[in-house]
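Heavy atoms only: backbone and side chains are in, while hydrogens, waters and symmetry mates are out.
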Amino acid sequence: MVSQALECDKIYCPSGQVVTRHIADETILIPISGNLANMERLFTLNDSGASIWRLMDGKRSVQEILQDLIQEFDVAEDRLAGDMAEFIDQLRDLDLIAEHPV
Amino acid sequence: MNCGQDAVANGREFFERFYPKILKNRIPVVGGIELTTRCNLNCSHCYVSDSERKGRPDQKELTTRQWMDLIDQVTGAGCLFLLFTGGEVLLRPDFCDIYRHACRNGLLVTVFTNGTLVTDRILEIFDAYPPYSIEISLYGATAATYEAVTGVAGSFEKCIQGIHRLKAHGFRLKLKTVVLTINFDELEHIESLAAEIGAPFRFDAMISARLDGDPAPLKYRVNPKDAVRKEFSSRDRAKALHDFFCRMNHQPVSTDLYQCGAGRNMFHISPSGWVRPCLMVSGTSRNLLTEGFSKIWGSNDFKQFRDRGKAPVKCRECDKKAVCGYCPGFFQLESGQVEMSSEYLCDIGRERKQAILNFHLEENKACQ
């Protein structure tokens with residue numbers, strides 16, 4: 001049973017205002033323009049956050065990403081869905097991702 | 001799986017994890033690009049040689065395309081923090097194009113400028129892509145003093161205007177000065193002016209000979225006692241130096257010649273494409289026009305750069321090394337040798353250590 005909070009049909013991609021860097025096994029998001037670039041200079045993702053970020057390519061739906069990650073991580077679907085919902089909310093609040101029209 | 005609370009993090013925790021990996025893998029995460037040595041000012045203390053400030057026809061600056069290609073290369077090698085310095089970088093008519101390219105690559109860009117050439121176009125590009133930081137040297141609080149340093153009439157007004165324009169746009173602006181015999185008596189006023197502008201301020205008395213060996217700047221050097229007295233005239237500065245000394249004093253003693261990041265996680269590139277471990281140290285340099293950055297960074301010259309030589313004997317066990325401004329590049333400009341310590345830095349170290357002890361005693365007395 002998938003958490004209610006996760007909007008499964010939505011498709012996201014990185015906002016045009018952020019650049020992803022991979023340095024020393026770290027995934028670093030650099031806001032280069034917009035308000036965020038004036039406030040915070042970089043964000044880093046943990047391994048699971050980086051996996052979700054990598055799959056947010058403007059093609060896969062949230063549901064598809066969830067299914068991909070269930071294969072990758074040994075974790076209950078409910079828990080993964082809850083974590084993903086929280087993560088996507090954070091990214092959206094920070095304008096680091098944009099919704100892609102379905 | 002946990003992509004919740006700590007999935008998007010920033011700050012200290014990240015860097016504590018990041019830097020050991022950078023050092024272990026020798027990733028060039030910090031770089032300086034000297035876009036030009038040309039300058040519209042003629043500062044008395046500048047380390048750039050007179051001929052280079054005017055632009056030497058035999059040392060052709062890289063083209064826009066070459067700089068962009070080079071920026072792609074250093075980004076690919078792992079550079080994250082990039083400094084644009086000069087000369088005066090805003091003299092390059094293609095500065096905006098090069099700067100935009102670096103920002104779009106996801107580099108955190110700091111710009112060193114004298115602030116006298118801040119046009120609407122510069123403000124527009126900084127509005128679109130805010131710099132990580134902009135640093136301007138404010139050599140005086142009055143036109144007379146500032147221009148006695150820069151040698152150019154009208155430059156003070158232009159610098160102040162540039163500072164106000166950048167500040168009005170809300171960019172991260174830092175002000176600084178070198179302390180010279182010329183502006184020594186005005187230092188408090190410069191600091192007040194920076195406070196009035198609302199920008200952080202720092203100063204430094206470390207004047208060296210020019211990079212071509214010309215000793216002309218040395219006659220403007222402030223004696224170590226006076227320089228340190230200025231540093232300790234503010235309780236905040238004194239406390240910062242005191243705390244730094246206490247922290248560093250517990251670090252293990254290293255006999256390595258290079259105790260900074262030069263050649264390990266830092267690099268410098270000259271206007272004509274020469275890569276060096278640092279701006280100050282000559283001897284190890286290779287040109288990007290003949291080989292790529294990764295090849296240069298991975299070459300034996302660069303990999304072994306830090307293994308060559310040991311700290312000067314006098315410095316190895318010296319308890320003032322943490323606060324003297326220890327720098328083999330500075331040694332080389334003083335004596336021609338990276339392994340020969342500088343008497344000037346020794347004196348600075350001695351004065352600072354005494355001032356730190358005095359501060360410590362005063363603080364403890366106040367606590368009793």
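For His169(B), the side-chain hydrogen bond (donor to acceptor under 3.5 Å, both in side chains) criterion is met by Asp127(B), not counting sequence neighbours. By the side-chain hydrogen bond (donor to acceptor under 3.5 Å, both in side chains) test, Asp89(A) is found to be paired with Arg92(A), residues two or more places apart in sequence or in another chain being considered.
Under 4.0 Å is where a charged nitrogen must lie from a carboxylate oxygen, and between Arg60(A) and Asp68(A) at least one such pair does. Ion pair Glu135(B)/Arg172(B) not flagged as a salt bridge, since none of the NZ, NE, NH1 or NH2 atoms sits closer than 4.0 Å to an Asp/Glu carboxylate oxygen.
Both the backbone and the side chain of Ile23(A) come within less than 4.5 Å of a heavy atom in chain B.
Top candidate by heavy-atom pairs under 4.5 Å with chain A, chosen from Leu80(B), Val29(B), Ile22(B), is Leu80(B). Between chain A and the residues Thr75(B), Asn25(B), Leu107(B), Ile27(B), the most heavy-atom pairs under 4.5 angstrom are made by Thr75(B).
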